[in-house]
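In the text below, chain A, chain B and the rest are named by the order of the sequence lines, each starting its count at 1. The model shown is predicted, which means the values in this text are computed figures rather than measured ones.
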Amino acid sequence: MTPALPPAEIRALARLLDELDYYQLLEIAPEAGTSEVKRSYYTLQRRFHPDANRGLDQETRSCLETIARRIAEAYAVLRDPRRRKAYDGQRDGEEAALRIPLVAAEAKTQRENIEETLGRTPNGKRFFALARADIDKGDLDAALRNLKMALTFEPANGFFKQKLTEVQDAQREADDRKRAESR
Amino acid sequence: MAEIAVGIDLGTSNSCVAHARGSRVEVLPNAYGENVTPSVVAFREDGSIVVGQGARSNLVHDPRNTVASGKRLIGRYFFSEEVKKAQAVVAYQIAEGPGHGVRVGVRGEQFSIPEISAMVLREMKSVAERKLGQEVTKAVVTVPAYFNDNQRQATKDAGRIAGLEVLRLLNEPTAAALAYGFGRGLTQRVAVYDLGGGTFDISVLEIGKDVFEVLSTCGDTYLGGDDFDDRLIDLLADEFQAAHGINLRKDPYALEKLKLAAELGKRGLSVDEQVEIRLPDVVQGDDGSSLSIERTVTAAEFSSLVMDLLQRTFKVCDEALQQAGLIARDLDGVILVGGPTRLPLVRQSVGDYFQQEPKTDVDPDEVVALGAAIHAASLVSDGDDDEEEDAASAFLLDVTPLSLRLGVAGGLAETVIERNTPVPIEQSRRFTTFQDDQERVQVRIYQGESRRAEENELLGQFEFSGFKKAPRGEAQIDVTFSIDSNGIVSVRACDPETGEETSTELSLSSGLSEDEIQNILDDGLADRVQSDAPDAEALVPAETSAAPAAVEPGPAVEPAPQPAPAVERVPEPAPAAAVEAAPELEIAPADEPLPELDSSPPVYEAFSPEIEGEIEEDDAELEIDSGISDAPTGDMVEAAAQKQEPATVGEEAVLDAADLEIEPGDLEELDVEAELEGDDGLFDRSGADLAQFGDDGEER
């Protein structure tokens, strides 16, 4: 079955571990799809899993375990679109950390979602809050104005855009109704 | 030649041992020729210990000295719900041991639960040795997937006490999937619905050519077939009390008979539309007359008794599917495991829930042991032998079933490793102190899904000191958690600046200490277990042990048990003549021929490889989108804002006192419990003392 790896190779990889990002570790390209992530995880765990390598000395064995744990970590991040997004963001950022705590990755994405739904910038937040109040009051024209203002500060905010479309649709419906009534 | 290693399914009600060699996997039957052995331990008057069928028949006439369903108590704290529940229904004595552990008192001796389980394992070891004709020292032992670290540690200890090297603690549903997919070259997604005697597990797996990946596991360790029995017991006992004014639950003998009758009744309903439960002379009335129970129970009536229990299992299934990012339709198969899944009611409900017929080509009582055996073979295979190839190539990737948490200020528990994360895994988080010049911190480790520490299982705690003194919030403490392939947790704390480090395997809590285990081993406890073979005197109840010592290696017939509960089938238009005697067999199974002459045992040739050729080539088909749609909607704004709140609590939580008084080595978990009780939310604790850096572990 699995050819046992040479102990020297295992120890060398263990030393190198902190210099590899998750993509390098899994031997895949940053744009690799989920199925590729999975395939690579299977292959590598087969190669490095302690179950697949027996009869090693204590030191090599513990190196192997470290590697196997890190591979599982990389997999846990890259197979999950939310975690992967947070990781990619961090990788491109200034810190350029090669690892991300699993829980933090989750929290980060969650926070981003929250930010998106409330606004990321002070002005974006302010106008969006006004728009929400307008919607509650049923003043669609005002809501539309405020949403457009919010979007000038946060043009990429998908949630704002979505709200804008909703309000526009609602307004169109209201107009249609008015027209029908007047006829 | 590779070493011998067996797979043992250590069940709540029954245990089973199997062995794999190449593509042959077989269950090793016990001396009665039965594939499963009751997980019952009887302590006899002469000090000897009997496990299995002989012990089970002891249950009715000597319930105080017979321990059944020990698995329900393993790794539990004495104050836990499960222990209280057990105390109400068992006749043997349950006492508190050191470290809030559980001890069983029988015939003036006290035993820990790992010791009880060790006795069962010892019996399974002898069953295997008898059948294989050589010593067996290595085994893969299965545990419910939802077992926490305390329960796993305790099970591992049990193996050691029994004289077995536990190569791996394997999750039961994973083992079942392994046995199901082994050697069939399937590429499938399957769910394993495992309803055992005392626990319920559901696992969703992806089976590849030779890789078995667990996508998610959920469960309930407080739910099993025993609960189904309890419903029947309640029905019978309540009706009896209403009719005669006598509470049968108060009489240990009557209760044991009732339990047996309920179980047999339940089994009867696996085959028939209705059963008649007859308990002649169950108890004496006030006037000395003897009272009996005769009651017909229909499948429909039973169904209404247990439907809520089944519904509970489906809630857990919802969770598992959601965690795997799948819906029922995505599954290619549903595998049933555990005796209770033989009930037509269960089969049908599971079929309805998953919108497909469950697989019927696996034996729910044996499949777990078979999977364990396959894995055991792969763990000892040397890889050279061609014959070993098949078993050796099965490769398992499992997950941790429960989130791992660290206690922080404010009575909260911060997640460090989420449930359903692949194992082995390691994660570090940085924490800080919440008092100026704090010298020590208490590191508490929990397992569970609640943010409130007290609602999780405490795995252990240790004190960490030696980090650099600093104003509050400035000291740095890195806490690293790892979970190995057995699901066993270890934790270490270190100061990244001074390099000071403390580490522990979390066996401090409800398990046995190393010294205790050593003492038990020195006492040779496991050797007291007498082989439960029909040719030994094991079957003869203590009070009539005048039976000839050298019985012919033929069927030993047990002296007729006392007025035994009999469950009779109500004659149906259907056939079944031989079944009349079947329930009796449960009580006095001795009159079965010995299998010694080697009437070749059932051999599983990799589960009939010719069937089920649904091999899919396209890997991409299997791709899973675990990104459960989280497109924000208007309503989510509120929800999101609320979600944010607990994080803020974690950030701001400040405690009033550090627990510097606690002496190392004198850590009282119960103190924590006491402090937390009757509180209304944000309680003060003199215990927790780690503060966090930021809401997600980043430095402030």
Original post:
Roughly how far, to the nearest 0.5 Å, is the CG atom of B:Leu397 from the OH atom of A:Tyr41?
Top reply: 4.5 Å
Original post:
Shortest non-hydrogen contact from A:Ala76 to B:Thr421?
Top reply: CB-CG2, 4.5 Å
**OP:** Could you look at B:Ser482 and say if it's the side chain, the backbone, both or neither that has a heavy atom under 4.5 Å from chain A?
**Re:** side chain
Original post:
Any donor and acceptor pair, going by atom type alone, linking the side chain of B:Gln427 with main-chain N or O of A:Leu102 inside 3.5 Å?
Top reply: yes
**OP:** Check whether any side-chain heavy atom of B:Val211 sits under 4.5 Å from a side-chain heavy atom of A:Gln45, and report yes or no.
**Re:** no
Original post:
By number, which residues in residues 61-71 of chain A have some heavy atom less than 4.5 Å away from chain B?
Top reply: A:Ala68, A:Arg69
**OP:** Write down the atom of A:Glu73, the atom of B:Glu426, and the distance for their closest heavy-atom approach.
**Re:** OE1-O, 3.5 Å
Original post:
Checking heavy atoms, do the side chain of B:Val416, its backbone, both or neither come under 4.5 Å from chain A?
Top reply: backbone
Original post:
Can you name the residues of residues 19-26 of chain A that have some heavy atom under 4.5 Å away from a heavy atom in chain B?
Top reply: none
